[in-house]
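Atoms considered below: every heavy atom in the structure, side chains included; atoms not considered: hydrogens, waters and symmetry mates.
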Amino acid sequence: MQVLRRSIAFVLSCLLFAAPFSAQDSGEPISGFWTGTVERNGMTWRIELNATGHAGELKTAITFLDLDVPDVPFPVKRTAGGYRLERPQPSGNPIVFDGTVTGDIFSGNWAGFGVDGSFSMKRSTRPERSYREEEVEFANGIVKLAGTLMVPTKGGRHPAVVITHGSMPNEGAAYRSVGRSFAEAGIGALIYDKRGSGKSTGNTRAASMEDLADDAIAGVRLLKLRTDIDAVKIGVMGHSQGGWIAPLTAVRSRDVAFVIATGVAAVTPAEQSIYHRAGVMRSMGMSDEEIEKASALRRKLYDLNRKIINNEPYQRERAAISQELIANKGARWFGPAELPPQLAGEIPPTGALELLFFDPTFIWQSVKLPVLVVWGDRDTVVPVEKSREVIERLQTKAGNKQITIKILPGVDHGNNLVRKDKGWDFPRVEPEYFRTIVQWTQKIVT
């Protein structure tokens with residue numbers, strides 16, 4: 001499932017790198033914990049800054065509270081008048097905090113997402129963390145997986161959640177926000193680098209959905225062995241592609257106690273991809289006729305992939321589709337369709353092609369555990385209403401009366417709020433999303 005999650009939260013939490021600079025001593029004026037806001041056009045964005053300095057180095061990390069994205073490292077430089085914290089972004093527009101420290105106030109100019117504003121922070125006392133983090137390793141066969149376990153500091157055995165991944169080759173840091181939400185609520189959370197990413201071995205592109213589910217099962221096995229985790233209260237959560245992997249994990253393992261699936265499609269990745277791209281093209285002003293031309297050509301590509309998987313003759317058809325792509329590359333709709341300009345080079349790995357035709361309906365006919373499914377009603381990546389109908393019907397057929405479905409108003413696929421008036425605002429996550437999944441889990445494990 002090639003879902004391109006374009007939310008700012010995803011970008012900030014995935015690009016984790018820090019660039020320390022040399023300082024004369026550890027007593028830099030910016031050292032310490034700060035709370036405040038960014039302001040622009042009457043809008044405010046809550047932030048926290050943690051600056052630590054030792055051995056001639058200073059490191060800074062910013063938490064974006066209204067995005068629920070914690071501890072994002074920012075490279076920092078000393079300037080003539082103060083400090084400049086600047087973090088590159090894929091868009092080419094860095095996020096910048098450029099200001100001075102006067103007593104207990106750090107303030108100045110802010111820029112990001114192609115706009116600018118101001119910021120002001122006050123020196124504060126950092127709240128004591130209610131959980132601890134531990135780096136862990138576990139394995140699924142020859143694949144070694146590296147992760148972080150967030151465990152409440154309160155003694156005893158805690159329920160826990162293994163958080164699996166979306167379609168991108170994400171490191172575990174992309175899920176630190178949701179993991180933290182669980183841990184602060186007394187529920188352990190395991191986040192880990194997807195196979196082939198970060199410190200984990202393996203090849204994501206060659207992995208089947210079953211392989212990815214078995215990675216999550218390996219995480220469940222790890223948690224079952226710990227004395228601080230309740231072995232019979234371990235669940236699995238996944239968003240987007242993870243919304244397939246989480247329930248599939250429960251089908252393949254009796255050790256899973258509950259399932260949380262958010263932003264999940266109840267159709268094949270191929271059908272979901274066509275739906276998503278059509279929605280993007282529509283938002284770009286393409287006509288229904290143009291969208292149908294693009295969708296038809298994409299279907300031909302997927303039919304070709306199915307023939308390759310089934311070892312059927314495909315060379316002549318591949319050549320014809322390649323010529324059709326070349327013939328249409330000058331059309332207005334071709335760029336927004338995000339189709340290849342031609343078919344050349346090697347055939348993708350079979351595992352990657354097979355993912356296109358993964359049918360999730362058998363999962364929902366088999367799961368008979370407590371299940372929470374959450375969507376945003378402004379999700380244009382997956383067909384929400386169709387997916388809801390399919391899951392409800394199949395769970396009824398399975399006799400599962402332990403399913404809860406929530407559709408959050410004004411929320412997109414990235415769980416961000418969508419403004420109705422088209423006025424500018426800072427990107428914001430919907431806090432109800434985190435409250436929903438945490439409170440439901442607390443109820444299930446109590």
Side-chain angles (χ1 to χ4, degrees), residues 13-14 16 33 48 50 52 61 63 65 68-73 126-140 144-165 170-195 197-200 214-239 242 245-246 249-250 253 255-260 262 369-370 372 431 433-446:
S13 60
C14 287
L16 292 177
F33 183 74
E48 294 175 346
N50 189 42
T52 58
T63 292
L65 294 169
D68 207 72
V69 175
D71 301 326
V72 180
R126 185 168 193 174
E128 185 176 349
R129 181 176 282 182
S130 60
Y131 65 93
R132 61 182 176 83
E133 296 187 7
E134 179 182 339
E135 299 306 306
V136 296
E137 294 182 351
F138 53 104
N140 173 20
K144 308 300 181 183
L145 300 158
T148 301
L149 178 60
M150 303 177 181
V151 186
T153 52
K154 183 179 179 181
R157 291 180 177 268
H158 304 279
V161 181
V162 176
I163 302 173
T164 189
H165 310 80
N170 296 329
E171 297 184 18
Y175 302 93
R176 184 172 297 278
S177 297
V178 66
R180 183 192 63 175
S181 297
F182 280 117
E184 289 178 342
I187 302 163
L190 173 62
I191 59 176
Y192 59 98
D193 298 342
K194 192 173 186 178
R195 59 164 62 197
S197 301
K199 297 180 180 179
S200 292
D214 289 347
D215 289 348
I217 291 173
V220 173
R221 288 198 300 266
L222 170 73
L223 296 183
K224 280 176 60 68
L225 297 175
R226 296 184 61 95
T227 58
D228 51 2
I229 299 297
D230 190 332
V232 298
K233 295 181 179 179
I234 302 172
V236 180
M237 175 183 172
H239 176 77
I245 297 170
T249 301
S253 172
D255 293 328
V256 176
F258 58 91
V259 172
I260 302 171
T262 67
L369 297 169
L372 172 66
Y433 170 74
F434 293 100
R435 283 195 293 266
T436 295
I437 60 177
V438 169
Q439 291 176 1
W440 179 87
T441 305
Q442 288 176 317
K443 181 179 178 181
I444 289 299
V445 299
T446 300

Nearest-0.5 Å distance, [atom1] of residue [X] to [atom2] of residue [Y]:
X    : Y    : atom1 : atom2 : answer
L190 : L223 : CG    : CG    : 5.5 Å
I444 : L372 : CD1   : CG    : 8.5 Å
Y433 : H239 : OH    : NE2   : 6.0 Å
L149 : L222 : CG    : CG    : 7.0 Å
T148 : I163 : OG1   : CD1   : 11.0 Å

Cationic N near anionic O, under 4.0 Å, [X] to [Y]:
X    : Y    : result
R126 : D71  : yes
R180 : D68  : yes
R226 : E134 : yes

Go through the steps for M150 and R176 under the test side chain to side chain contact (heavy atoms under 4.5 Å, CB included), then give the verdict.
CA-CA 9 Å; M150 303 177 181; R176 184 172 297 278; 3.6 Å; yes
So [Y] and [X], do their side chains get closer than 4.5 Å, heavy atoms only?
X    : Y    : result
H158 : I187 : no
Y192 : V136 : no
S130 : P152 : no
F182 : I437 : yes
D215 : F138 : no
I245 : H165 : no

Should N50 and F33 be marked as a side chain to side chain contact (heavy atoms under 4.5 Å, CB included) after you check the CA-CA gap, both sets of side-chain angles, and the distance that decides it?
CA-CA 5 Å; N50 189 42; F33 183 74; 4.1 Å; yes
How close do [X] and [Y] get, counting heavy atoms only, and between which atoms?
X    : Y    : value
D193 : G198 : OD2-CA, 3.6 Å
S200 : A146 : OG-N, 3.0 Å
R157 : D230 : CB-N, 3.8 Å
A139 : A218 : O-CB, 3.3 Å
A216 : T249 : CB-OG1, 3.7 Å
G172 : I191 : O-CD1, 3.4 Å

So does E48 get a backbone contact from the side chain of T63, meaning a donor-acceptor N/O pair under 3.5 Å?
no
Side chain to side chain contact (heavy atoms under 4.5 Å, CB included) between T262 and M237, worked out
CA-CA 8 Å; T262 67; M237 175 183 172; 4.3 Å; yes
Would you please test Y175 and T164 for side chain to side chain contact (heavy atoms under 4.5 Å, CB included) and show each step?
CA-CA 9 Å; Y175 302 93; T164 189; over 6 Å; no
